[in-house]
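The block underneath contains the structure these notes are about, expressed in structure tokens.
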Amino acid sequence: LFLHLAAVVLTIRAADKPFRLSRWITVGLLWGLCAVAHGTALIITPGVLLWLWLDSGSRTKRLNLIASGAVAIGCATMVSVVTIRNYVVGRDFVLLTSNVGMNLFQGNNPEATGTSFPHLLPYRGANLEDLYNGFRRGPDDLAPSEISRLVGNEAWTFVRENPLQALQLAMQKLRLLFNNLELPINDQYYFFTRYSPVLRWPLPTFGAIAAMGLIGATVCLKQWRKLLPIYLLILSQIASYTATFVLSRYRLILAVGLILFSAAWLGWCAAALRTRKYGRAAISVLACIGIAIWSYTPPGSFHKEDGFG
């Protein structure tokens with residue numbers, strides 16, 4: 001969360017200040033670190049490069065090109081450290097992790113629900129149980145990248161052959177992504193609230209942040225050029241998890257962008273009240289309440305108690 005927030009803030013600040021190469025190298029290194037921590041940052045970085053190229057501001061095209069190159073080199077430097085390590089240790093070319101295919105399959109198959117579910121893959125070394133039982137990859141076993149490619153192909157085959165079901169799944173995942181329900185895998189939030197007084201405090205939950213953040217993103221649209229890195233952060237998370245599957249801890253990065261826009265919306269409402277634009281403030285509040293109702297409505301067969309066992 002810190003890395004993504006720092007990357008977004010420093011990207012916007014670097015664009016506002018006079019050109020300095022070191023700033024843009026730092027921005028690139030930060031986005032590279034974000035990618036190492038969470039691979040979805042690789043979706044954001046090309047958008048940042050395009051933003052730098054198209055939105056010149058007070059900079060010349062030449063300086064924009066230099067800034068884009070510095071960001072790309074900084075990001076590639078951090079990512080290449082992991083790529084080289086993966087090859088040295090595993091003798092397999094894996095950019096960051098080898099679970100892309102598995103994640104796609106989890107979210108796109110005949111039994112998919114939109115979140116994680118137990119499914120054993122028919123490849124040696126592809127399941128956690130194999131590693132728990134002491135699996136060691138031999139010369140005849142598939143490499144992790146090969147398993148990922150095979151499983152990913154199964155997901156794409158499902159999408160091609162069942163486009164309507166795949167679309168329904170995507171809509172279900174979009175709803176789960178913005179729903180207040182905390183979906184677990186091995187980190188059951190509602191179970192932990194039994195033992196943590198802090199988790200029982202009446203603090204804003206994800207549903208409230210989602211509602212305020214989406215309205216905030218709307219009222220800030222006039223500044224979209226300046227704030228595009230925040231929009232890219234949110235859009236990258238939506239794209240990632242409607243393509244794969246949703247877990248509560250995965251969407252924490254989405255919360256970074258939503259919290260920033262939530263704060264912007266609260267400031268916008270305060271300004272509207274100070275200037276006596278009560279109608280505009282009332283409309284935005286009503287829209288926020290409507291989104292909150294949608295977010296807090298239980299999503300079908302998913303329950304807080306799932307995973308308590």
Side-chain angles (χ1 to χ4, degrees), residues 1-4 7 25-49 68-112 115-160 185-187 236-237 239-247 249-253:
L1 300 182
F2 170 78
L3 288 174
H4 282 78
I25 292 175
T26 302
V27 168
L29 291 172
L30 266 175
W31 282 118
L33 279 173
C34 290
V36 171
H38 206 277
T40 54
L42 290 177
I43 304 175
I44 309 171
T45 308
V48 171
L49 298 178
S68 299
V71 172
I73 290 171
C75 182
T77 299
M78 299 306 301
V79 171
S80 65
V81 172
V82 178
T83 305
I84 293 169
R85 179 264 175 198
N86 288 340
Y87 185 79
V88 170
V89 173
R91 296 300 173 189
D92 188 19
F93 181 78
V94 175
L95 190 64
L96 288 172
T97 69
S98 59
N99 63 353
V100 175
M102 277 72 90
N103 287 344
L104 284 171
F105 180 77
Q106 281 270 359
N108 301 277
N109 68 77
E111 300 174 5
T115 187
S116 178
F117 72 101
H119 188 95
L120 294 178
L121 298 171
Y123 307 107
R124 275 174 45 84
N127 303 293
L128 285 177
E129 287 77 4
D130 298 331
L131 303 180
Y132 295 154
N133 293 328
F135 170 80
R136 293 292 182 270
R137 181 158 57 94
D140 297 327
D141 293 316
L142 294 173
S145 63
E146 293 173 314
I147 295 174
S148 179
R149 187 160 49 250
L150 288 170
V151 178
N153 287 339
E154 291 185 36
W156 288 119
T157 299
F158 168 78
V159 172
R160 286 195 304 270
I185 181 168
N186 56 3
D187 46 356
S236 70
Q237 300 306 296
S240 297
Y241 298 120
T242 52
T244 55
F245 63 96
V246 179
L247 287 176
R249 62 184 174 89
Y250 285 3
R251 68 182 182 184
L252 286 176
I253 295 172

For Phe158, what residues pass the ring-ring contact (aromatic ring centres under 6.0 Å, His included) criterion, not counting sequence neighbours? none

Closest non-hydrogen atom pair, Gly74 against Leu29: O-CD2, 3.5 Å

Got Val151 and Leu104 here, is their nearest side-chain heavy-atom distance under 4.5 Å? no

State, with a plain yes or no, whether a side-chain heavy atom of Leu95 is found less than 4.5 Å away from one of Leu42. yes

Asn108 side chain to Trp156 main-chain N or O, any donor-acceptor pair under 3.5 Å? no

What heavy-atom pair brings Gly39 and Leu96 nearest, and what distance separates the two atoms? CA-CD1, 4.3 Å

Do you know the tightest heavy-atom contact between Ala35 and Val79? CB-CG2, 4.1 Å

For a 4.5 angstrom cut-off between non-hydrogen side-chain atoms, does Arg85 reach Val88? no

To the nearest 0.5 Å, tell me how far Phe2 CZ sits from Leu33 CG. 10.0 Å

Do any N or O atoms from the side chain of Ser80 and from the backbone of Thr77 form a donor-acceptor pair under 3.5 angstrom? yes

Partners passing side-chain hydrogen bond (donor to acceptor under 3.5 Å, both in side chains) against Asp92 (at least two apart in sequence or in another chain): Ser145

For Thr40 and Gln237, test the side chains for any donor-to-acceptor distance below 3.5 angstrom and give the result as yes or no. yes

Gap separating the CZ atom of Phe105 from the CG atom of Asn99, nearest 0.5 angstrom: 14.5 Å

Taking all heavy atoms of His38 and all of Tyr250, pick out the closest pair and write down the distance. NE2-O, 4.2 Å

Spacing of Cys75 atom SG and Ile44 atom CD1 [to the nearest 0.5 Å]: 10.0 Å

Donor-acceptor under 3.5 Å (Ser148 side chain, Pro144 main chain): no

Rounded to the nearest 0.5 Å, what separates atom SG in Cys34 from atom CG in Leu3? 5.0 Å

Atom pair OG1/CG of Thr157 and Asn109 - distance to nearest 0.5 Å: 12.0 Å

What heavy-atom pair brings Ser116 and Phe245 nearest, and what distance separates the two atoms? N-CD1, 3.6 Å

Going from CD on Glu154 to CZ on Arg149, what distance comes out if it is rounded to the nearest 0.5 angstrom? 13.5 Å

Heavy atoms of Asn86 and Val94 approach each other most closely as ND2-O, 2.9 Å

